[in-house]
Amino acid sequence: MNRIDEKLEPILSEVLSRNAGEREFHQAAREVLESLGRVVAKHPAYAEDALIERICEPERQIIFRVPWIDDQNQVQINRGFRVQFNSALGPYKGGIRFHPSVNLGIIKFLGFEQVFKNALTGLPIGGGKGGSDFNPRGRSDREIMRFCQSFMTELHRHIGEHTDVPAGDIGVGGREIGYMFGQYKRLTNRFEAGVLTGKGLSYGGSRARTEATGYGATYFVQRMLETCGESFDGKRVVVSGAGNVAIYTMEKVIAFGGKIVACSDSGGYVVDEAGIDLDLIKEIKQVRRERIAEYARQKGAGKHYIEGGSIWDVACDVAMPSATQNELSGKDARTLVKNGVQAVGEGANMPSTPDAVEVFRRANVLFAPGKAANAGGVATSALEMQQNASRDSWTFEQTEARLAEIMRNIHDLCADTASEYGAPRDYVLGANIAGFVRVAEAMRALGVV
Ligand code: NDP
């Protein structure tokens, strides 16, 4: 575990006590503060005017009731959140998550990470995040629509194309964005395309946005491998999850010549030594919205489904955790290292626990932290905003080329920053410092606001 610089120790203590019980937010803040010791040693001005304290405090936190009526005519109540963390670089930008585990601490950790991630893209976007403890699993399409409409009925007062621009995350894909955009349009009587990203192509979405996070994470890891004279070609790859990020990570890894040997959902994981049949995974998860266990059942002999358990027991050269936070423990990391993993690329936000990151660091495994590796999603959201602002629509190739270039730049920025601060190949340090410096520069210019 890295030590916190003594100047920053009181700041972390204050964050922990002011945000009691918010475990994931503590974890995210600690990781960033651990990286900043080297920055304040080199540039003491960044520690002036309580700049770091201000970065750790969200600009605004909104919590609201979301009442809706289910198919049995019963009234249901959920809780909605939007944390507008930092707008020094541009309007707040970050996804909306619908999952029963959602609480303020989780939204704050995600919002905090988003601030630095968005800065790394070099695009003019601040950081925020939102969501609800609503569980979409097993809900009918009409129930999803009524929930989204009720959620937006409150949220619409707080967002706008120049204020705060939400997108999708766990449990929120194209369908949910469509229902929320429809309600926003109705309430405001404005076709304000730039208020949400991840929209469908028929009403202002961007080509390649759906694929962007997974493709981007794969581009990042490919570049990281390239710096060691390696590539995905012929590598065994394990990807956790089978949602938006996981599916498009698998698609790009396969395009780069890798073989996906396992993927998962929250019920368990499937192993297919012949290489996962991605078309079938898409059919099961995106069209039929079923459990991944179906894959083994349908494919038959030689395809294993393991309920519960850890997907990280499957030996691989590259691991791409793409499901959720803290899904890869220290024990999992030790198993991966024992089995010869060379690189880990986080498609999800903070999927590796601090213990796991430490195991990878000590074993010299190439490790790409989520805030850098999964930034392709939000970067392409910013490209969607650009297209909306200019009433334009780019081709898939044009958009993907921009994404690839952005991911390369983020990789190189993290690598160069890590070297500059005396820790070559430490992408965690590089990402935290490079993201921080961009936000800090803007905050200093804007005064104490
Ligand atoms: P989806 O809802 O599309 O997919 C999530 C996947 O992870 C599903 O397969 C789900 O399984 C599984 N999962 C969810 N919770 C758990 C859990 N507690 N334990 C095990 N598996 C779980 O979400 P996304 O693909 O959009 O998001 C995945 C991760 O990527 C999140 O960390 C998100 O914050 C991050 N991310 C997403 C971006 C995007 O553009 N969508 C951008 C940047 C980061 P099941 O089907 O059983 O629910």
Side-chain angles (χ1 to χ4, degrees), residues 28 32 46 51-52 54-62 82-96 107-108 110-130 155-169 177 181 184 188 190 192-199 204-206 209 212-213 216 349 370-372 374-392 394 399 402-403 405-407 409-410 413-414 431-449:
V32 169
Y46 287 132
L51 195 143
I52 299 174
R54 280 188 282 144
I55 278 195
C56 293
E57 182 70 14
E59 289 176 15
R60 190 174 299 107
Q61 308 181 52
I62 303 147
R82 187 74 186 165
V83 173
Q84 299 178 330
F85 223 110
N86 194 301
S87 59
L89 295 179
Y92 310 105
K93 183 90 198 80
I96 290 177
I107 298 300
K108 275 165 75 173
L110 290 164
F112 185 70
E113 291 279 291
Q114 197 81 48
V115 172
F116 304 99
K117 178 190 311 193
N118 293 4
L120 288 174
T121 67
L123 297 164
I125 39 180
K129 198 83 185 188
L155 188 69
H156 89 280
R157 307 171 210 288
H158 310 291
I159 62 175
E161 62 180 328
H162 300 298
T163 312
D164 183 356
V165 183
D169 190 77
I177 293 290
F181 185 73
Y184 183 87
T188 58
R190 283 161 62 90
E192 188 185 325
V195 71
L196 287 174
T197 59
K199 298 182 296 296
S206 171
R209 173 61 188 92
T213 308
N349 284 309
K371 69 167 71 71
N374 72 33
V378 74
T380 309
S381 277
L383 302 182
E384 183 173 333
M385 291 161 73
Q386 283 182 27
Q387 292 169 74
N388 294 149
S390 57
R391 305 210 187 281
D392 199 357
W394 307 346
T399 318
R402 284 290 309 274
L403 167 67
E405 183 194 359
I406 290 169
M407 294 316 297
N409 290 342
I410 296 174
L413 175 67
C414 295
N432 286 337
I433 294 181
F436 168 80
V437 166
R438 282 193 173 154
V439 179
E441 279 302 315
M443 286 178 72
R444 286 174 65 196
L446 297 178
V448 179
V449 289

Mind running side chain to side chain contact (heavy atoms under 4.5 Å, CB included) on I107 and Q61 for me, showing each step along the way?
-> CA-CA 10 Å; I107 298 300; Q61 308 181 52; over 6 Å; no
Minimum heavy-atom distance [X]-[Y], with the two atoms named:
X	Y	value
L120	G435	CD2-N, 3.6 Å
G130	R82	N-NH1, 3.3 Å
G194	V165	O-CG1, 3.3 Å
C414	A372	SG-CB, 3.9 Å
K117	A375	CG-CB, 3.6 Å

From [X] [atom1] over to [Y] [atom2], what is the distance, rounded to the nearest 0.5 angstrom?
X	Y	atom1	atom2	value
L89	L123	CG	CG	10.0 Å
Y184	R190	OH	CZ	6.0 Å
N388	S381	CG	OG	10.0 Å
H162	S87	NE2	OG	14.0 Å
E59	R54	CD	CZ	10.0 Å
L196	H156	CG	NE2	12.5 Å

When K93 is tested against each of T197, V115, T121, D164 for side chain to side chain contact (heavy atoms under 4.5 Å, CB included), which residue passes?
-> T197
Beyond-backbone contact of [X] with [Y], side-chain heavy atoms, under 4.5 angstrom:
X	Y	value
Q386	L383	yes
K371	V32	yes
I62	R157	no
K129	D169	yes
Y46	V437	yes
I125	Q114	no

Please report the C-alpha distance between S206 and W394 in whole Å, then the side-chain angles of each, then the deciding distance to 0.1 Å, and finally whether the side chain to side chain contact (heavy atoms under 4.5 Å, CB included) criterion is met.
-> CA-CA 7 Å; S206 171; W394 307 346; 5.8 Å; no
Cationic N near anionic O, under 4.0 Å, R444 to E441 | yes
Determine whether a donor-acceptor pair (N or O, by modelled atom type, separation under 3.5 Å) exists between the side chain of [X] and the backbone of [Y].
X	Y	result
N118	G126	yes
T380	G376	yes
E384	G198	yes
E192	G160	no

Decide side chain to side chain contact (heavy atoms under 4.5 Å, CB included) for F436 and L51; before the verdict, give the C-alpha distance in whole Å, the side-chain angles of both, and the deciding distance to 0.1 Å.
-> CA-CA 11 Å; F436 168 80; L51 195 143; 4.1 Å; yes
Between R209 and I177, is a side chain to side chain contact (heavy atoms under 4.5 Å, CB included) present by the stated rule, with each step listed?
-> CA-CA 13 Å; R209 173 61 188 92; I177 293 290; over 6 Å; no
Is it true that Y92 and F85 have ring centroids separated by less than 6.0 Å?
-> no
Report the C-alpha separation of E113 and N349 in whole Å, then their side-chain angles, then the decisive distance to 0.1 Å, and conclude whether the side-chain hydrogen bond (donor to acceptor under 3.5 Å, both in side chains) test is met.
-> CA-CA 8 Å; E113 291 279 291; N349 284 309; over 6 Å; no
